[in-house]
Asker: 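First, the structure itself, so that you have it in front of you.
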Amino acid sequence: MKILVANLGSTSLKWRLYAFEEGEARLLHRGGLERVSDYATAINDCLEQLKQAGAIISESELAAVGFKTVLAHSITGCVALSPEVLADMEAGNQIAPAHNPPYLTGIGLFAERMPNTPLVGLFETAFYQWMPETAKRYGVPSSWHDAGVRRWGFHGASHKYIAERSAEHLNRPDIAHRVRQLYVDQASSPVQGAPLRVISAHLGGSSSVTGIFNGVAIGNSMGLSPQSGLPHNNRVGDLDAMAIPYMMQRHGLSLEEVLQDLCSSGGLSGISGGYNDLRDVQAQADAGNEQAQLALDFLVAEVRRWLGAYLVELGGLDALVMTAGIGENRPAIREAICHGLESFGISLDPALNAACIGQEAIISTPESRVKIMVIPTNEELVVAREVKRFLEK
Ligand code: ADP
């Protein structure tokens, strides 16, 4: 069975093609197109590349196309992208303006191009279905909550991968199996040993921290929308809601201007004065730009805030995992996050940390009670496995 996973950005199309043999996924092809202005052409080019590489002979070989869909108004899980689901996603356009519209465009074009191929979405919110009610709430009137103003949590595919892979590293096949089965048996499979407590920090263009207890998420730093939680490359992160009426009423900004500032000119870019790739922010900071240094310090401080929250909520910690572009490739940020946490049993080995760029490694000292790990994420694999399971259902 061959499953194509398509990752749709506002100007990019990336893909991975998996073949499932005896249940396990094998990566057949991966590729991507940048600066995409015409999505229909990009989809065509993707399918042509798969054929030229010999990964498929014809499109009819694809059992499904899977998408790491971000959010819908009321639907989560792994679902067929029916007109009803797409309409529910459209209702989320305003709170996920950088994420939902490109998915809706791309999915529509895939549907036109391949009308007989199932299109399946694994929502980024799916991993948070079992978090406690308190982690889903805001302190708003029930009418707001009922209207959908709640915490969802995002980066679910990535944090789920980390939950499974970290359990394997920690010699807990029972938990790894539990994570693997999660969307099927709703986290009910038994845990054989001591509880396993993991904090996963996905630090990239978008960033979030998730607390994971026995393989199941207990919360995520992002809430209603992917604009919340930690500061992102150019998106705001957490903000007091009163800032919006203040800027509109006192400073005369329109709603569009507010959204532009929060969703395109905020986060690291907003603080540093326009640098949104961490490499650029770091280069500026190294050259003496104080605002750029502040952006780095702020990101680290916000990661530590959530680290503290989940450390308490989990009642201790067995592993701290860092992943995604920044988590996998930036030793200095990892070091700053772990600085001075020895009394919590978190002790980074500077040499192991410095040597780890973009690979799986344990970077804590041998004495560290908490294992600090770098695990390159694999969101597409999680999507492919769930889509396969969906098709077999
Ligand atoms: P996205 O959320 O868009 O998928 P990534 O996970 O690729 O983003 O993370 C992007 C961030 O990670 C950028 O700030 C970039 O500076 C940093 N990053 C990505 N790859 C590298 C690398 N090889 N070396 C250093 N930094 C990197």
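One-based numbering, in listed order, for ligands and for the atoms of each. Counting from 1, the numbers follow the sequence of the chain as shown.
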Asker: If you apply the rule side-chain hydrogen bond (donor to acceptor under 3.5 Å, both in side chains), what do you find for Ser208 with Asn220, and how did you get there?
Answerer: CA-CA 7 Å; Ser208 75; Asn220 175 248; 3.1 Å; yes
Asker: Assess Arg150 against Trp152: is NZ or CZ under 6.0 Å from the centre of the six-membered ring, and within 45 degrees of the ring's axis?
Answerer: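 Checked: cation-pi criterion met.
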Asker: So, do Tyr128 and Phe154 have ring centers that fall under 6.0 Å from each other?
Answerer: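 No - the distance between ring centres of Tyr128 and Phe154 does not fall below the 6.0 Å cut-off.
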Asker: Students should find this: residues with any non-hydrogen atom under 4.0 Å from ligand 1. What is the answer?
Answerer: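 The answer is Gly204, Gly205, Ser206, Asp277, Leu278, Arg279, Ala324, Gly325, Ile326, Asn329, Arg330, counting any residue whose heavy atom sits under 4.0 Å from ligand 1.
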Asker: Would you please name every residue forming a side-chain hydrogen bond (donor to acceptor under 3.5 Å, both in side chains) with Ser206, sequence neighbours left out?
Answerer: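 side-chain hydrogen bond (donor to acceptor under 3.5 Å, both in side chains) check on Ser206 returns Arg235.
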Asker: Search all heavy atoms of Ala176 against all heavy atoms of Glu168 and return the closest pair with its distance.
Answerer: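 Nearest pair, atom of Ala176 first, then Glu168: CB-CG, 3.8 Å.
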Asker: Verify ring pair (Phe, Tyr, Trp, His ring centres under 6.0 Å) between His155 and Phe127, making sure each step is shown before the conclusion.
Answerer: CA-CA 8 Å; His155 284 147; Phe127 190 42; over 10 Å; no
